[in-house]
Amino acid sequence: MSQEPITLLKNKRIVLGVTGSIAVYKVIDLASKLTQAGALVDVIMTEAAEHFVTALAFQSVTGRPVYDSLWRVSGGGALPTHIAHVGLGEGADLLMIVPATANTLAKLAHGMADDMLTVTALAARCPLVIAPAMDGGMYMHPATRTNIQTLMARGAYLIDPEEGRFASGLVGKGRLPETAALMGHIRRVMGQTGVLAGRKIVITAGGTREAIDPVRYISNRSSGRQGYALAQAAVDAGANVSLITTVRDLPHPLGAAQVRVSSAAEMLEAVLEQTHEADALIMAAAVADFRPQTVADQKIKKKDDSDEAPMLVLTRTADILLKVREQRERTGYPLVTVGFAAESQDLLTNARAKLERKGVDMLVANDITAQDAGFEVDTNRVIILDPNTQTPLELSSKIRVAEHIVSRVGEILAKKSP
Ligand code: CTP
């Protein structure tokens, strides 16, 4: 699957230091995904790495020269050797050693500089990410443990390897995570100085499920995609994110804490618990307004000898944003609240009324009758309202809408509590 551009990574210089482990095959995919996301990826290979894959493989996916020797570079357009050994590290936004072998970790821990990668690591002033991959016994060896601790004490970010089966047939901890997880870690590190750094942001996603009996429920068409895009955008902006979600089939944004709920009542409890000291709440969830008054203990059975169907009596659920409004009036938290409005008629009039009734700082209104916006699609067409302004956004992906909302939340927070 091709990778969408990622605003956070656009034109960022990422140096991948590739060392000699069989896990290197996964890094060709990573280099490709980073490039598709908009990053400028420079690959440095150690001699050992070149026993597993060629420089040409990386050059083909990044479209940039690959550096594999202090004394020689492959491909046109490469930095001259006398500049490359410092230039690559100096201008980089991120240096990631992936896969990182025990040997390279040992060299980095001791400040050795006998190849292009280790020289670059000494010259670099950007965040360093290490993603070890090696046989389990090697990873757990006290020498490797100490080297990793030394690097972390100096500020390196460790991507812990996964447990599993190695190419050798042994089982243990030392497998390089898959590309999606590696991308998630990169976003987390690159985002840590963003507009929401140090802020706690609570986000709700998905439609709630209101039980009828142990097998049936009432729900709605919300897919949760806008809420998940918001959670990822908030992680990209450096926030500590709590994602309160009913969704089961979307990839979880790495770095966001997940709180699984099902009904409106469970969501209310989780929201009040999570927001009592939060900076912001973004209520993207489609919360049921009605639930069955009683929930049958056993599955409701049909009768073979009659066409009779049960009558469902519904009752109101609590309005979560109104409860949060009460909490905020008492405690001041969350500092900022954002609501959504799903409307099928009189969009602006209804949305403005909702903004006031719910006491939110910002309301994201969308017309759910449009084919290309709202439920179950990847795009959204929204109007963002605050007490004084209304800003229509063009049809955009839910990711871009999320980025816009997150940056507006950052601005409101900066004004309220710098
Ligand atoms: N919301 C909520 N609690 C509910 C229902 C909705 O907190 N019980 C939140 C939603 O998450 C959303 C906002 O309120 O952020 C507006 O939701 P929406 O469904 O558009 O409006 P309703 O409150 O249901 O109002 P109406 O029935 O008038 O459309």
Side-chain angles (χ1 to χ4, degrees), residues 201-211 217-231 234 242-247 259 261-276 278 280-293 314-329 333-334 336-370 373-376 380-387 390 398 401-402 404-406 408-409 412:
I201 311 291
V202 180
I203 296 165
T204 63
T208 60
R209 294 177 171 192
E210 309 304 324
Y217 57 81
I218 302 175
S219 193
N220 56 60
R221 288 175 54 205
S222 167
S223 65
R225 276 179 245 186
Q226 187 61 75
Y228 274 61
L230 279 160
S242 277
L243 177 59
I244 301 174
T245 175
T246 62
V247 178
V259 183
V261 295
S262 186
S263 64
E266 285 171 17
M267 187 172 276
L268 170 66
E269 197 185 323
V271 166
L272 293 180
E273 194 180 303
Q274 293 289 325
T275 53
H276 73 271
L281 165 68
I282 308 179
M283 276 295 297
V287 186
D289 293 318
F290 312 104
R291 65 172 172 81
Q293 193 168 39
L314 300 179
T315 184
R316 288 279 293 268
T317 56
D319 188 310
I320 300 177
L321 274 174
L322 288 185
K323 295 281 180 199
V324 170
R325 182 184 190 164
E326 286 167 20
Q327 168 182 288
R328 207 177 168 199
E329 279 160 9
Y333 285 98
V336 171
T337 53
V338 179
F340 275 70
E343 302 295 345
S344 57
Q345 56 186 343
D346 299 331
L347 180 67
L348 273 178
T349 324
N350 283 334
R352 180 116 346 250
K354 224 170 246 184
L355 175 98
E356 276 165 34
R357 183 159 49 86
K358 307 239 176 190
V360 291
D361 300 276
M362 198 166 108
L363 191 99
V364 185
N366 61 17
D367 176 355
I368 50 169
T369 57
F375 294 130
E376 295 165 332
N380 226 348
R381 191 195 304 273
V382 301
I383 303 178
I384 298 186
L385 292 90
D386 64 24
Q390 57 200 45
K398 288 186 174 172
V401 171
H404 189 92
I405 296 168
V406 160
R408 290 275 296 258
V409 168
I412 305 176

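Residue numbers count from 1 along this sequence. Atoms within each ligand, like the ligands themselves, are counted from 1 in listed order.
Legend: residues meeting side chain to side chain donor-acceptor pair (under 3.5 Å) with Ser344, ordered by chain and number and at least two apart, are absent.
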Could you list each nitrogen or oxygen of ligand 1 that sits under 3.5 Å from a protein nitrogen or oxygen, with the atom names and the distance?
residue: ligand 1; atom: 3 (N); partner: Ile320; partner atom: N; Å: 2.9
residue: ligand 1; atom: 7 (O); partner: Ile320; partner atom: N; Å: 3.3
residue: ligand 1; atom: 7 (O); partner: Leu321; partner atom: N; Å: 2.9
residue: ligand 1; atom: 8 (N); partner: Ala318; partner atom: O; Å: 3.0
residue: ligand 1; atom: 11 (O); partner: Met283; partner atom: O; Å: 3.4
residue: ligand 1; atom: 11 (O); partner: Ala285; partner atom: O; Å: 2.7
residue: ligand 1; atom: 14 (O); partner: Lys358; partner atom: NZ; Å: 2.9
residue: ligand 1; atom: 15 (O); partner: Met283; partner atom: O; Å: 2.8
residue: ligand 1; atom: 15 (O); partner: Phe340; partner atom: N; Å: 2.8
residue: ligand 1; atom: 15 (O); partner: Phe340; partner atom: O; Å: 3.3
residue: ligand 1; atom: 20 (O); partner: Ala342; partner atom: N; Å: 3.0
residue: ligand 1; atom: 20 (O); partner: Lys354; partner atom: NZ; Å: 2.7
residue: ligand 1; atom: 21 (O); partner: Lys354; partner atom: NZ; Å: 2.8
residue: ligand 1; atom: 23 (O); partner: Lys358; partner atom: NZ; Å: 2.5
residue: ligand 1; atom: 24 (O); partner: Asp289; partner atom: OD1; Å: 3.1
residue: ligand 1; atom: 24 (O); partner: Asp289; partner atom: OD2; Å: 2.8
residue: ligand 1; atom: 29 (O); partner: Lys354; partner atom: NZ; Å: 3.0

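Residue Arg357 places its CZ atom among more than 12 non-hydrogen atoms of other residues, nucleotides or ligands, all under 6.0 Å distant.
Salt bridge status for Glu356 with Arg352: absent, with no side-chain N to carboxylate O gap under 4.0 Å.
The side-chain contact (heavy atoms from CB on, under 4.5 Å) test with Val409 singles out one residue from Leu281, Thr337, Leu230, Val338, and that residue is Val338. Applying the side-chain hydrogen bond (donor to acceptor under 3.5 Å, both in side chains) test between Asn380 and each of Lys398, Arg225, Gln226 identifies Gln226 as the sole match.
Residues Arg209 and Ser219 come closest through the heavy atom pair CG-OG, 4.0 Å.
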